[in-house]
Amino acid sequence: MPARNHSQWTAEPPLQQGEWVDSRIYSDQEIFEEENEKLFKHIWVPVCHESELPNAYDFRTTSIAREPIIIVRGADNEVRAFLNVCPHRGMMIERRPSGSFLEGQPSGNPKRMTCMFHAWQFDMKGNCVYVAREQEGYQDRLCKENVGLRRLRCEVKFGGFVWVNLDDSPKVSLEEWAGPAFECLRETLDAEPLEVFHYHKAIVNTNYKLWHDTNSEFYHDFMHYHNRVTGFNDAYFARKNEAFDNGHVVVGTFTVNYENYEGFESRAELSFPHLPPNQWYMIDLFPGFNFNLRGSALRCDTVTPLGPNQVLIEFRGLGLKRDTPEERMTRINHHNSIWGPFGRNLHEDLVGVVGQGATMAPKSEPRRILHGRQENQTIHDENGMRHYYEEWGRWINRSPTNPTQPYTPRAGAAGDAAVAAAE
Amino acid sequence: MNKNGADAASKVRDTIYRATVALDDEKWNDWLGLCDESFHYAITAFSPEINKDMIYLQGSRKEMETLVSHLPKHNTDHSWLRRHTSVYTVDVEDDKATAVSSFVVYMNVLDGFNSHIEAGESRLFLTGKYYDTFKLDNGEAKFVKREVKIDNRRLDKGSHWPI
């Protein structure tokens, strides 16, 4: 077909409902605000890994949907999460990304979370244990028992990741939320303790869902020279995209031939427990979390949407806690050769989604973004994204195809997970 | 420092600055030409987030040769990286020398978010220090080790190129 005029360009494509989305879902400020309120404040978010706070009184800070959060490990070794907000005058209690409360602070004592502003102190269970000049200021009208921190639902699960939910009464438990999607790697991830060895982050001008789309669809492997030479074979094209309840997708494994890329090596000797050599599993958790196991190294991406057209992506790399120094170094090299900030693939992925972000900037003309490849739910089928946007529509109550309209179920969508599971 | 030591230190500084020019100009083989066969390269950082020293990229001279030879096969951001290097210290001992330099790397945008708007702009990309080790031989200073210790953990699109 020759290049199209405007009416041809904006006409609906000859595909079925659900096989394309409207780009306003990637660029509209109102939709972004709804996503924070209706979605991110109610789902389980993997905020960090337990190895980032290995000792009692260690802490880590993060945020979900603009709400600052602190994760602490108590003297009882329990990991707990709280809003990182002082109940007095709203100061952020801990400003550093990580550290230990074993050390005293200028305004407070060791083993306490201390708000530097007015020296209110909290223990590792979130109890307020000190209000400066409490009796003089509040007499008997307000006491420490009235001003504990806001506790948050928090669990350590699926390989030691720390999961937080801002909703006190989430629709489903963490096990119900993600357990079935993790089943393919549960034995592997839970065989022994894992440890984070890599962290970096990107803030890029694109919508968070476009990053998750890139993690969900493998058709873009044409962009990666590395993946073409190490992966494109019959087993690769037979990999299945399996849909799970709650919008999650798992991409099945195959054997990667790393040595086909000059200078790279097989990862067989350092495969994670219970896995055959050089396997590659991918778990894409709705609405923006990715667990990617390539033989010897596990990568985890988490998104924090910052605006309709801006996202913070945090990248972690993990190995086994018991690694020898030599084993750890090998895992680091394997991880970073493709996934590090100077690696072969990650840079290409980020260039790709920034290019999408540029054409879908807020207030730009709405476009149709195609998710219509049908290949028997194999690797270049776009069923993963179709499954995702069906779930997104349910949560936001907007049609992904026309976000000015309320959500209506896509014909056959209810069977996404069931069909995949049956195959 | 005696005259020979001063000459050696001067040669070390010269080699560091020549490396900066070669890297700026993306003349990867000129850069590697300043490196000994035993050369080892690493980009490292400390992460307060996970409380660990990290290695973001590393390789032998042979591995770096392979890496740069593959660059034309990879998609990349075309924006130029421009380094400003200041050599802080040079210590010469026999036929070896070590040097510490500070650097900033600016990205002179070509691609950016939208090249129509952003191309031509320079923005800060990285800060850090080079920790270099040299072999002194026949009046030449050759890199045998370079650790590029960057302050950044936020790297946005990242890069395919040596820093």
Side-chain angles (χ1 to χ4, degrees), chain A residues 48-49 51-54 58 60-62 96-100 195-206 223-226 228-229 261-264 309 312-317 329 332-333 335-337 340-355 357-359 361, chain B residues 40-79 81 105 109-119 125-126 148 150-163:
Chain A
C48 65
H49 189 261
S51 65
E52 295 168 47
L53 47 169
D58 285 350
R60 210 46 193 95
T61 57
T62 184
R96 295 168 292 174
S98 73
S100 170
E195 186 171 70
V196 173
F197 59 69
H198 174 95
Y199 177 87
H200 86 276
K201 57 187 170 185
I203 296 179
V204 288
N205 292 327
T206 199
M223 174 168 72
H224 298 309
Y225 170 67
H226 171 272
R228 294 201 307 272
V229 300
Y261 186 100
E262 185 185 358
F264 282 25
N309 205 37
L312 162 69
I313 313 166
E314 293 174 278
F315 303 97
R316 287 175 170 81
M329 190 61 73
I332 289 171
N333 288 339
H335 175 277
N336 288 340
S337 60
F342 301 92
R344 302 306 92 187
N345 283 12
L346 190 71
H347 178 57
E348 294 175 328
D349 285 327
L350 287 159
V351 168
V353 295
V354 169
T359 74
Chain B
H40 184 269
Y41 177 83
I43 301 175
T44 67
F46 173 73
S47 167
E49 291 81 8
I50 63 170
N51 196 29
K52 281 201 168 43
D53 286 310
M54 304 181 295
I55 298 170
Y56 281 155
L57 179 74
Q58 68 173 340
S60 64
R61 173 172 171 153
K62 174 66 179 165
E63 287 165 335
M64 297 310 292
E65 284 176 1
T66 303
L67 183 148
V68 299
S69 74
H70 278 55
L71 288 176
K73 297 176 178 177
H74 285 276
N75 291 291
T76 197
D77 187 302
H78 301 87
S79 303
L81 298 183
V105 182
V109 175
L110 193 63
D111 299 10
F113 178 65
N114 178 340
S115 62
H116 176 223
I117 298 163
E118 296 180 344
F125 180 51
L126 293 174
V148 184
I150 61 174
D151 302 320
N152 306 57
R153 286 94 61 208
R154 177 184 160 185
L155 291 137
D156 295 348
K157 282 188 278 186
S159 175
H160 274 157
W161 299 338
I163 300 302

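Numbers restart at 1 for each chain; the letters A, B, ... are given by sequence-line order, proteins then strands. Side chains included, hydrogens not; waters and symmetry mates left out as well; all remaining heavy atoms used. Please read these numbers as outputs of a predicted model, since none were measured by experiment.
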Let me confirm one number: the CG-CG distance from B:N51 to A:L53, rounded to the nearest 0.5 Å. 11.0 Å
Measure the CG-NE2 distance between A:L346 and B:H160 for me, rounded to the nearest 0.5 Å.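 It is 8.5 Å, given to the nearest 0.5 Å.
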Nearest heavy-atom pair of A:Y225 and B:H70: which atoms, and what distance?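 Heavy-atom minimum between the residues: CE2-CD2, 3.7 Å.
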Donor-acceptor under 3.5 Å ([X] side chain, [Y] main chain):
X	Y	answer
B:D156	A:A202	no
A:H347	B:T76	no
A:H198	B:Y56	no
B:R153	A:K201	no
A:S98	B:I50	no

side-chain hydrogen bond (donor to acceptor under 3.5 Å, both in side chains) partners for B:H74, two or more places apart: A:Y261, A:E348
Relative to chain A, which of B:D77, B:I163, B:I117, B:L57 shows the most heavy atom pairs under 4.5 Å?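 Winner by heavy-atom pair count: B:D77.
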Most heavy-atom pairs under 4.5 Å with chain A, out of B:T66, B:N114, B:N152, B:N75, belong to B:N75
For [X], which atoms come within 4.5 Å of any heavy atom of chain B: side chain, backbone, both, or neither?
X	result
A:N333	side chain
A:R344	both
A:I332	side chain

With a 4.5 angstrom heavy-atom cut-off, which part of B:K52 approaches chain A: side chain, backbone, both or neither? side chain
